[in-house]
Amino acid sequence: QVQLVESGGGLVQAGGSPRLSCAASGRTLSTYIMGWFRQAPGKEREFVSCIDRSGSSTFYADSVKGRFTISRDNSANTVYLQMNSLKPEDTAVYYCAAEKDGVYTRGAGSYDYWGQGTQVTVAS
């Protein structure tokens, strides 16, 4: 089992570029597909991005494509989400998640482990 802890959220001005981190413990991160999801108040959790085990393949939601970049450092057991050109509609709690069976997917139900989330608030 892996434990995930997100960090890097906070209050950001529109157009800002924070980087979220997701640190894993308990097991080697390289065995998991990793994803980022977000949930805004009153809305369902939505997919943001995912990355394969090696970091060679990434996938993004249309809403963040070209603005966000997912990456991973397996030696540091950490996954990152670089967010650029933030908009007020990006305000949400951001979660990282791990998928243990190698299924490269945007479906939240396929992910096995979740962090507690980090709040990102974008001020206009």
Side-chain angles (χ1 to χ4, degrees):
Q1 184 167 333
V2 64
Q3 292 79 44
L4 304 172
V5 178
E6 302 94 336
S7 61
L11 178 62
V12 185
Q13 293 297 314
S17 300
R19 186 179 75 164
L20 303 184
S21 299
C22 173
S25 61
R27 290 201 64 179
T28 302
L29 195 65
S30 60
T31 62
Y32 298 95
I33 301 291
M34 297 299 297
W36 284 97
F37 293 78
R38 66 186 182 185
Q39 188 167 17
K43 295 187 177 181
E44 294 187 353
R45 189 169 299 188
E46 66 172 355
F47 169 80
V48 174
S49 182
C50 62
I51 188 167
D52 71 352
R53 289 166 170 166
S54 67
S56 62
S57 181
T58 58
F59 187 67
Y60 298 92
D62 288 343
S63 58
V64 307
K65 195 176 298 182
R67 299 189 299 123
F68 290 11
T69 302
I70 190 172
S71 62
R72 66 193 300 162
D73 183 345
N74 287 337
S75 65
N77 251 20
T78 303
V79 176
Y80 304 97
L81 185 68
Q82 177 66 50
M83 304 189 293
N84 297 327
S85 303
L86 279 180
K87 306 173 183 180
E89 51 263 44
D90 293 317
T91 294
V93 177
Y94 283 73
Y95 300 89
C96 70
E99 196 286 333
K100 64 180 177 61
D101 295 323
V103 179
Y104 190 57
T105 177
R106 61 186 298 157
S110 296
Y111 287 79
D112 303 287
Y113 306 105
W114 292 81
Q116 83 290 347
T118 185
Q119 175 73 48
V120 175
T121 302
V122 184
S124 57

* Where do A92 and A40 come nearest, in terms of heavy atoms and distance? -> CB-N, 3.8 Å
* Output yes when a side-chain donor or acceptor of E6 lies under 3.5 Å from a complementary backbone atom of Q116, and no otherwise. => yes
* With sequence neighbours left out, which residue pairs that include part of residues 59-96 fulfil the ring-ring contact (aromatic ring centres under 6.0 Å, His included) condition? -> F47-F59
* To do: Indicate, with yes or no, if L4 and I70 share a hydrophobic cluster defined by side-chain heavy-atom contacts under 4.5 Å among Ile, Leu, Val, Met, Phe, Trp and Tyr.
  => yes
* Asked: What distance do T58 atom OG1 and R72 atom CZ have between them, rounded to the nearest 0.5 Å?
  -> 11.5 Å
* Quick one: which residue pairs count as a side-chain hydrogen bond (donor to acceptor under 3.5 Å, both in side chains) with a foot in residues 99-114, not counting sequence neighbours? => S57-Y104
* Asked: Rounded to the nearest 0.5 Å, how far does CE of M83 lie from CZ of R19?
  -> 11.5 Å
* Contacts of E46 that satisfy salt bridge (charged side-chain N to carboxylate O under 4.0 Å, His left out) - sequence neighbours left out -> R38
* Asked: Between S85 and S17, which heavy-atom pair has the shortest distance, and what is it?
  -> N-OG, 4.1 Å
* Asked: Are V93 and F37 connected in the hydrophobic side-chain network, where two residues link if heavy atoms are under 4.5 Å apart?
  -> yes
* Residues that R67 engages under salt bridge (charged side-chain N to carboxylate O under 4.0 Å, His left out), provided they are two or more places apart -> D90
* Asked: Side chain of N74, backbone of N77: donor and acceptor closer than 3.5 Å?
  -> no
* **Non-hydrogen atoms of P18 and G8 that approach each other most closely** => CB-O, 4.3 Å
* To do: Starting at CD of Q119, measure out to OG1 of T91 and round the result to the nearest 0.5 Å.
  => 7.0 Å
* **CD-OG distance between Q82 and S49, expressed to the nearest 0.5 angstrom** => 12.5 Å
* Asked: Once you round to the nearest 0.5 Å, how far does OG1 of T78 lie from CG of L20?
  -> 12.5 Å
* Contact list for residues 34-79, test disulfide bond (SG atoms under 2.5 Å apart), sequence neighbours left out -> none
Side-chain atoms of residues 21-35: list all donor-acceptor pairs with protein atoms under 3.5 Å, sequence neighbours left out, distances to 0.1 Å.
from, atom 1, to, atom 2, distance (Å)
T31, OG1, T28, O, 3.0

